[in-house]
Amino acid sequence: MKDHPDHLAAAWSELVATARRTVADGLVVGTSGNVSVRVKDLVLVTPSGIPYDRLGPSDTTAVDLDGRQIIGRLRPTSELPLHLAVYRNTPATAIVHTHAPYATAVSTLVPELPPIHYMAAALGGPVRVAPYALYGSDELAAHMLGALRDRTAALLQNHGTVAYGASLDQALERTAQLEWMCRVWLTASSVPGRTPSLLSAAQLDAAGDRLRGYGQRAGHPA
C-alpha cells in the first residue's frame with residue numbers, strides 16, 4: 001500500500017467520526033457495532049472493544065483484503081469476516097454494522113422487513129433478514145451475503161444491521177433509513193385490530209426509478 005499518509009489519516013478521522021455518530025444516534029450501545037472504510041487495498045476498521053470516544057490518530061487499525069493486519073497494534077473488530085465478505089463481493093467502499101434496537105427487534109419477527117415505505121427502494125428492495133449465526137463467524141458472513149443479494153442493507157437475525165455504500169456518509173444514511181423503516185413498521189403493526197398497508201413490487205419499482213433522479217444535478221450550487 002503506497003497511499004499518502006495524509007489520505008489515510010483523513011479516512012481514519014472520518015471513520016472514527018462515523019463510529020461516534022452510531023453511538024450518538026442510538027444505533028449502538030457501548031462498543032457494539034463496527035465501521036470500516038476501504039482505501040485501495042487496505043480496509044480501515046474500528047478495533048475490538050475500544051470505546052469510540054477514546055480512539056485517536058495513533059489507534060489507526062487496518063488490514064488487507066485477506067485479513068492480515070497491516071497498520072496498528074489494536075486487534076480489529078471481531079466482525080472482520082463480515083466486513084471482508086462485503087468488500088470481496090460488492091462494490092462497497094464503506095460499511096456500517098449496528099445493533100440498532102428497532103431493526104434488531106424486526107429481525108426477530110419476520111424473514112424480511114415488509115415494504116412499509118418507498119425508501120426500501122433506495123436499499124434495492126425489501127430488506128431481507130439473514131439467518132442467525134454466531135457473531136464474528138464465517139457462517140454469519142455467508143448468511144449476510146445471501147441477504148445482501150441485490151441489496152445495500154440487510155438485517156441480521158437477533159443481532160442487528162449491516163449497510164454499505166460508496167462513502168461512510170452513504171452507509172450511515174442507509175443504516176438510519178433502515179432503522180427508521182423498522183420503527184415505522186413496528187409502530188403501525190402494534191395498533192390493535194389494524195394491519196399496515198404495504199407497497200407492491202410495482203410501487204417500489206416506480207419509487208426506485210424516481211429516487212435515482214433525486215437531489216441536485218451535478219454542478220448545481222448547494
Side-chain angles (χ1 to χ4, degrees), residues 15 18-19 21-38 43 45-49 52 63 67 75-117 119-165 168 170-187 189:
L15 180 148
T18 301
R21 277 279 306 280
T22 65
V23 177
D25 294 349
L27 299 169
V28 302
V29 175
T31 61
S32 64
N34 28 78
V35 177
S36 70
V37 63
R38 181 174 178 175
V43 175
V45 64
T46 48
S48 179
Y52 300 140
V63 301
R75 185 166 51 183
T77 173
S78 58
E79 293 292 6
L80 187 60
L82 179 150
H83 289 260
L84 294 178
V86 175
Y87 289 124
R88 290 169 184 155
N89 292 277
T90 77
T93 52
I95 300 168
V96 173
H97 164 54
T98 78
H99 295 175
Y102 293 103
T104 303
V106 169
S107 80
T108 71
L109 298 171
V110 291
E112 179 180 275
L113 174 63
I116 192 75
H117 193 273
M119 282 304 293
L123 304 178
V127 178
R128 306 182 188 99
V129 179
Y132 178 80
L134 182 65
Y135 80 92
S137 67
D138 291 334
E139 183 182 12
L140 174 61
H143 289 337
M144 173 209 61
L145 284 179
L148 277 178
R149 189 180 67 257
D150 302 320
R151 303 288 188 269
T152 56
L155 296 167
L156 308 176
Q157 189 179 62
N158 296 85
H159 186 153
T161 71
V162 61
Y164 72 81
L168 285 164
Q170 187 176 60
L172 183 60
E173 169 67 14
R174 287 171 171 169
T175 301
Q177 289 286 358
L178 176 55
E179 173 72 346
W180 179 81
M181 286 190 290
C182 287
R183 184 176 183 178
V184 169
W185 182 73
L186 286 170
T187 301
S189 299

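Residue Arg183 places its CZ atom among 12 or fewer non-hydrogen atoms of other residues, nucleotides or ligands, all under 6.0 Å distant. More than 12 non-hydrogen atoms from other residues, nucleotides or ligands lie less than 6.0 angstrom from CZ of Arg88.
Evaluation of the side chain to side chain donor-acceptor pair (under 3.5 Å) rule for Gln157 yields no partner, not counting sequence neighbours. For Glu173, the side chain to side chain donor-acceptor pair (under 3.5 Å) partners at least two apart in sequence or on another chain are Gln177. For His159, the ring pair (Phe, Tyr, Trp, His ring centres under 6.0 Å) partners two or more places apart in sequence, or in a different chain, are His97, His99. By the side chain to side chain donor-acceptor pair (under 3.5 Å) test, Thr161 pairs with Thr98, sequence neighbours left out.
Counting all heavy atoms, side chain and backbone alike, His83 lies closest to Ile95 at O-CD1, 3.5 Å. Of all heavy-atom pairs spanning Ala141 and Ala85, the tightest one is CB-CB, 4.0 Å. For the residue pair Tyr164 and Pro91, the shortest heavy atom distance occurs at OH-CD, 4.2 Å. Taking both residues in full, the closest heavy atoms of Ala153 and Leu178 are given as CB-CD2, 4.2 Å, listed atom of the first, atom of the second, then distance. Across Gly165 and Arg174, no two heavy atoms sit closer than the pair CA-NH1, 3.5 Å. In terms of heavy atoms, Pro114 sits closest to Trp185 at CG-NE1, 3.4 Å.
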*For side chain to side chain contact (heavy atoms under 4.5 Å, CB included), just list the numbers for Leu186 and Leu109, CA-CA rounded to whole Å, side-chain angles, deciding distance to a tenth of an Å, and then say yes or no.*
CA-CA 10 Å; Leu186 286 170; Leu109 298 171; 3.7 Å; yes
*Chi angles and distances behind the side chain to side chain contact (heavy atoms under 4.5 Å, CB included) call for Met181, Leu113*: CA-CA 8 Å; Met181 286 190 290; Leu113 174 63; 3.9 Å; yes
*Test log, rule side chain to side chain contact (heavy atoms under 4.5 Å, CB included), inputs Ser36 and Val86*: CA-CA 11 Å; Ser36 70; Val86 175; over 6 Å; no
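Under a 3.5 Å cut-off, the side chain of Ser32 and the backbone N or O of Val28 do not form any donor-acceptor pair. In this structure a side-chain-to-backbone donor-acceptor pair under 3.5 Å is missing from Arg38 to Ala92. Remark: the backbone N or O of Gly160 is not paired with any side-chain donor or acceptor of Ser107 at under 3.5 angstrom.
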Exercise answer: donor-acceptor pairs, residues 119-137 side-chain atoms, under 3.5 Å, sequence neighbours excluded:
unit_1	atom_1	unit_2	atom_2	d
Arg128	NH1	Ala147	O	3.0
Arg128	NH1	Arg149	O	2.6
Arg128	NH2	Arg149	O	3.3
Ser137	OG	Leu134	O	2.6
Ser137	OG	Leu140	N	3.0

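Here Leu82 contributes atom CG and Asp138 contributes atom CG; the two are 10.5 Å apart, rounded to the nearest 0.5 Å. Taking CD of Gln170 as the reference point, atom OG1 of Thr175 lies at 10.5 Å (rounded to 0.5 Å). Atom-to-atom distance recorded for Ser48:OG and Asn34:CG is 9.0 Å, nearest 0.5 angstrom.
The side chain to side chain donor-acceptor pair (under 3.5 Å) contacts involving residues 21-31 comprise Arg21-Asp25, where partners must be two or more places apart or lie in separate chains.
The closest side-chain heavy-atom distance from Leu172 to Leu27 is below 4.5 Å.
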